[in-house]
A.B. asks: 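Sharing a structure, written as structure tokens. Questions coming.
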Amino acid sequence: MSESGEISEFGYIMELLARGKVTIKNIERELICPACKELFTHPLILPCQHSICHKCVKELLLMLDDSFNDVGSDNSNQSSPRLRFPSPSVDKIDRISRPGWKRNSLTPRTTTFPCPGCEHDVDLGERGINGLFRNFTLETIVERYRQAARAATAIMCDLCKPPPQESTKSCMDCSASYCNECFKIYHPWGTVKAQHEYVGPTTNFRPKILMCPEHETERINMYCELCKRPVCHLCKLGGNHSNHRVTTMSSAYKTLKEKLSKDIDYLIGKESQVKSQISELNLLMKETECNGERAKEEAITHFEKLFEVLEERKSSVLKAIDASKKLRLDKFQTQMEEYQGLLENNGLVGYAQEVLKETDQSCFVQTAKQLHLRIQKATESLKSFRPAAQTSFEDYVVNTSKQTELLGELSFFSSGIDVPEINEEQSKVYNNALINWHHPEKDKADSYVLEYRKINKDEEMLSWNEVEVCGTSKVISDLESNVNYAFRVRAYKGSICSPCSRELILHTPPAPVFSFLFDEKCGYNNEHLLLNLKRDRVESRAGFNLLLAAERIQVGYYTSLDYIIGDVGITKGKHFWAFRVEPYSYMVKVGVASSDKLQEWLHSPRDAVSPRYEQDSGHDSGSEDTCFDSSQPFTLVTIGMKKFFIPKSPTSSNEPENRVLPMPTSIGVFLDYDKGKVGFYDMDHMKCLYERQVDCSHTMYPAFALMGSGGIQLEESITAKYLEYQENM
């Protein structure tokens, strides 16, 4: 074994394998690639010292390349989830592995790679894959593992005529396996081939000398202590390691082997301690299982007590309802019998008519007195009919709202941990959701668990997703567009948790976020507009220039609009962006405009002597009526004086009171380029305030215009990713 090959951390393990102190089966998990979860095939050593299959590196780089191109072609996709891409073609793999491989000129070159072993991004350098060492020692161990796993499977001779014979040795110089006869034929005595190095049958062939990836004709003979990797003398003289501290390969081999030997001896010497800790863990697992079952039994007992109380109350309530029902039915029955008797009064009337025929006064008075009382009673019943009881049971409706709320908050005993409260004002949602919460006793909570779930259109609740958080805020990524999400949080102190907070329902925008900044070059008027350094806020000042033109006001002079646009155009797809208009703003117009219309506005301005010259002038001149049905290459709505003005429409009321709404705190714009539709949203409730068709035959830009004092601030979620992207560029 060459000294350069033995610097790997697997060198000492091989010696243990040879001595029989470690079995092949016990190290199986060390031989699995973290990317494909299979045995290593031609493993490469990453700068973080983890190994990964050669093919896996290529495939992962291609996946990153495709996902980057997708993001680059659609700026609105702020944080798309990881997708499973189809297997790359052989041509792509060959192309990406060639030195100097680049993406197209519009995208930066890949220099980082996400290691699947440590989940950190590592820098591959300018040479990419070609600058990585092949882990030959690991390959040897994997091959020995494969041979042990297929002990009954023989390695056949590569040179035999069919049928091939079982090989007896493999030539490391020829990279082939031979049977005895073929080895004698191809390695005759007295020739150069007879001096080749041969080993037992194997399928793992590696070069005798490890060459430098940077300088392919140079043998590595030094070790860079800063980069922790082998280098050649050219790397030290004028390469990337010229200013690094290096040591000889033999010294590095000796140092690393001593360290690794000590560490392995320490682990082997602590075998009894590890076994005792494993036994302790087993006891803890059993204890946890018993305690868990006991907790379940106690919970069942508590719920059964609640069921008993509910059953008792249920029985009591039902008995009261039945008693009231019986009493009322008895009263109705008695009253019905009385009225039934009225039907029998026909005989009474006939009898009274016969009594009236009595001529003897004494006899008449004697009989008529009692008869009159009976007839009078029947008459009064007919005059005033009143049911003997009420049919309604309103007084017997059980009010369970308070108890239902308490049962909904039923949780484990919190031991004094207060319930955290989600801050609705500081919690926002775009492609990602930023959730902030407040906890009165923050120092008493070790951690928090934020739960969220999607609510379907039919109000169907899906299962909760949980995220453990150490602070009091969290960003949830990869949310779907135009969907309601519910969020709640609970606090943990050790194994004790507080009840969940009140749920917060947030609605995601109808499309992914479109990232841009204000354009400081195209049409920007620095005499009237003030743009901050971040280019995410613009203000309009009615300043000195307006005072100079004050004498024209008496002859019909009107202040014109000052336009500013986004620095990124839209040519396809659905996009959404949001901004805030300052409450003190006199008049602001916001929306979208095509590139050709912007050329007309910014480079060929009309004489702004009257506010009626243009449909988008911001004045209610009535000219909008002429283009209700036409699809224009722009759409702008007016905002000002803390009001949102809806443009006139032939399908809705055009009365001023129906077109003027309170100005939302934050306003969103949704552009569907493919369908030619633009909508304006109240971000507080994610409600569409106004929607119309727009001509998207050219590149569309976010457009803004200000008149008088005013200010526009882009939301942080619209600019954050763009600024980060610019820094990376």
A.B. asks: Once salt bridge (charged side-chain N to carboxylate O under 4.0 Å, His left out) is applied, what residue pairs with a partner in residues 427-437 remain, sequence neighbours excluded?
C.D. replies: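 Every salt bridge (charged side-chain N to carboxylate O under 4.0 Å, His left out) pair that includes a residue of residues 427-437, provided the two are not neighbours, is K428-E715.
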A.B. asks: Could you tell me whether the side chain of C36 reaches within less than 4.5 Å of the side chain of C53, counting heavy atoms only?
C.D. replies: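 In contact.
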A.B. asks: Can you name the residues that form a side chain to side chain donor-acceptor pair (under 3.5 Å) with N532, not counting sequence neighbours?
C.D. replies: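 Scan of N532 (side chain to side chain donor-acceptor pair (under 3.5 Å), adjacent residues dropped) gives D536.
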A.B. asks: How many angstroms lie between atom OG of S501 and atom CH2 of W437, to the nearest 0.5 angstrom?
C.D. replies: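 If I round to the nearest 0.5 Å, the distance is 9.0 Å.
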A.B. asks: So, using side-chain contact (heavy atoms from CB on, under 4.5 Å) as the criterion, who are the partners of A491 when residues are at least two apart?
C.D. replies: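 For A491, the residues satisfying side-chain contact (heavy atoms from CB on, under 4.5 Å) (neighbours in sequence not counted) are I417, P420, H439, A445, Y448, S498.
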A.B. asks: Is any side-chain heavy atom of T508 less than 4.5 Å from a side-chain heavy atom of F576?
C.D. replies: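 Counting from C-beta outward, T508 and F576 never come under 4.5 Å.
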A.B. asks: Report yes or no: does S585 contribute a side-chain atom to a donor-acceptor pair with the main-chain N or O of G711 at less than 3.5 Å?
C.D. replies: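 Such a contact is found between S585 side chain and G711 backbone.
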A.B. asks: Tell me, which pairs form a ring pair (Phe, Tyr, Trp, His ring centres under 6.0 Å) where one or both residues lie in residues 683-718, sequence neighbours left out?
C.D. replies: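 Sorted pair list: F518-F704, F579-F704.
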A.B. asks: Run L706 and L561 through side-chain contact (heavy atoms from CB on, under 4.5 Å) and show every step you take.
C.D. replies: CA-CA 6 Å; L706 299 93; L561 288 166; over 6 Å; no
A.B. asks: Tell me which pairs pass salt bridge (charged side-chain N to carboxylate O under 4.0 Å, His left out) where either residue lies in residues 668-681, with sequence neighbours left out.
C.D. replies: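 Of all non-adjacent pairs touching residues 668-681, none passes salt bridge (charged side-chain N to carboxylate O under 4.0 Å, His left out).
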A.B. asks: Could you walk me through whether T638 and V588 pass the side-chain contact (heavy atoms from CB on, under 4.5 Å) check?
C.D. replies: CA-CA 6 Å; T638 303; V588 174; over 6 Å; no
A.B. asks: Would you say Y452's side chain and Y485's backbone share a donor-acceptor pair under 3.5 angstrom?
C.D. replies: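 No.
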A.B. asks: Using the test salt bridge (charged side-chain N to carboxylate O under 4.0 Å, His left out), find all partners of E582 that sit at least two apart in sequence or belong to another chain.
C.D. replies: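 By the salt bridge (charged side-chain N to carboxylate O under 4.0 Å, His left out) rule, E582 matches R537.
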A.B. asks: Between the side chains of D684 and T665, is a donor N or O closer than 3.5 angstrom to an acceptor N or O?
C.D. replies: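 Indeed, the side chains of D684 and T665 share at least one donor-acceptor pair under 3.5 Å.
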A.B. asks: Does some side-chain heavy atom of I52 sit less than 4.5 Å from a side-chain heavy atom of P116?
C.D. replies: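 Yes - at least one pair of side-chain heavy atoms lies under 4.5 Å apart.
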A.B. asks: Mind checking whether V467 and K474 have side chains closer than 4.5 Å, heavy atoms only?
C.D. replies: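 In contact.
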A.B. asks: Assess the residue pair D567 and K521 against the criterion (salt bridge (charged side-chain N to carboxylate O under 4.0 Å, His left out)); give the C-alpha distance rounded to whole Å, side-chain angles, the decisive distance to 0.1 Å, and a yes or no.
C.D. replies: CA-CA 9 Å; D567 60 352; K521 298 178 180 178; over 6 Å; no
A.B. asks: Could I get the full list of salt bridge (charged side-chain N to carboxylate O under 4.0 Å, His left out) partners for E480, not counting sequence neighbours?
C.D. replies: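 Salt bridge (charged side-chain N to carboxylate O under 4.0 Å, His left out) check on E480 returns K454.
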A.B. asks: Decide side-chain contact (heavy atoms from CB on, under 4.5 Å) for L671 and M700; before the verdict, give the C-alpha distance in whole Å, the side-chain angles of both, and the deciding distance to 0.1 Å.
C.D. replies: CA-CA 9 Å; L671 175 63; M700 306 298 291; 4.0 Å; yes
A.B. asks: I need the S595 OG to I570 CD1 distance, nearest 0.5 Å.
C.D. replies: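 So the gap between those two atoms works out to 12.0 Å.
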A.B. asks: Between W464 and R488, is there a cation-pi geometry (under 6.0 Å to ring centre, at most 45° from the normal)?
C.D. replies: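 Here R488 passes the 6.0 Å and 45° test against W464.
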A.B. asks: Provide the closest heavy-atom pair for L714 versus R535 in the form atom of the first, atom of the second, distance.
C.D. replies: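 Closest heavy-atom pair between L714 and R535: CD1-O, 4.5 Å.
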A.B. asks: For V122 and P47, which heavy atoms make the closest approach, and how far apart are they?
C.D. replies: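 Scanning both residues completely, I find the closest heavy atoms to be CG2-CD, 4.2 Å.
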A.B. asks: Search all heavy atoms of V590 against all heavy atoms of F680 and return the closest pair with its distance.
C.D. replies: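 Looking at all heavy atoms of both residues, the closest pair is O-CE2, 3.6 Å.
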A.B. asks: V538 vs L530, test: side-chain contact (heavy atoms from CB on, under 4.5 Å). Steps then yes/no.
C.D. replies: CA-CA 6 Å; V538 64; L530 177 62; over 6 Å; no
A.B. asks: Check whether any side-chain heavy atom of L60 sits under 4.5 Å from a side-chain heavy atom of F113, and report yes or no.
C.D. replies: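 Yes - at least one pair of side-chain heavy atoms lies under 4.5 Å apart.
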A.B. asks: Under the rule for side chain to side chain donor-acceptor pair (under 3.5 Å), what residues qualify as partners of H507, not counting sequence neighbours?
C.D. replies: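 With neighbours one apart ignored, the set is N482, N484.
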A.B. asks: For T699, check side chain to side chain donor-acceptor pair (under 3.5 Å) against everything at least two apart and list the hits.
C.D. replies: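 Checked T699 against side chain to side chain donor-acceptor pair (under 3.5 Å); zero matches.
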A.B. asks: Over all heavy atoms of both residues, which pair between A433 and F487 is shortest? Give the atoms and the distance, please.
C.D. replies: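 Minimum heavy-atom contact is CB-CZ, 3.7 Å.
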A.B. asks: Of all residues at least two apart in sequence or in a different chain, which pass the salt bridge (charged side-chain N to carboxylate O under 4.0 Å, His left out) check with E520?
C.D. replies: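 With sequence neighbours excluded, E520 shows a salt bridge (charged side-chain N to carboxylate O under 4.0 Å, His left out) to no residue whatsoever.
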A.B. asks: Would you please name every residue forming a side chain to side chain donor-acceptor pair (under 3.5 Å) with E468, sequence neighbours left out?
C.D. replies: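 Partners of E468 by the side chain to side chain donor-acceptor pair (under 3.5 Å) criterion come out as none, since no residue qualifies.
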A.B. asks: Considering non-hydrogen atoms only, spot the tightest contact between S540 and G708 and give its length.
C.D. replies: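 That would be OG-O, 2.6 Å.
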A.B. asks: Quick one: does V581's side chain get under 4.5 Å of S666's, heavy atoms only?
C.D. replies: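 They are not in contact (no side-chain heavy atoms under 4.5 Å apart), so the answer is no.
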A.B. asks: Please examine the side chains of I435 and I422, heavy atoms only from C-beta on, and report whether any two atoms are closer than 4.5 Å.
C.D. replies: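 Yes, close enough: below the 4.5 Å cut-off.
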A.B. asks: Could you give the distance from CD1 (I505) to CD1 (I455), rounded to the nearest 0.5 Å?
C.D. replies: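 I505 CD1 to I455 CD1: 3.5 Å, rounded to 0.5 Å.
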A.B. asks: If every non-hydrogen atom of P510 is compared with every non-hydrogen atom of F670, which pair is closest and at what distance?
C.D. replies: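 In this case the closest contact between P510 and F670 is CG-CG, 3.7 Å.
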A.B. asks: Can you list everything that forms a salt bridge (charged side-chain N to carboxylate O under 4.0 Å, His left out) with E466? Sequence neighbours excluded, please.
C.D. replies: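 Once residues adjacent in sequence are excluded, the partners of E466 under the salt bridge (charged side-chain N to carboxylate O under 4.0 Å, His left out) criterion are R490.
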A.B. asks: I'd like to check P509 versus Y681 (side-chain heavy atoms, cut-off strictly below 4.5 Å). Are they in contact?
C.D. replies: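 Not touching, per the 4.5 Å side-chain cut-off.
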A.B. asks: Find the distance between CG (L46) and SG (C115) and round it off to the nearest 0.5 Å.
C.D. replies: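 That separation rounds to 5.0 Å.
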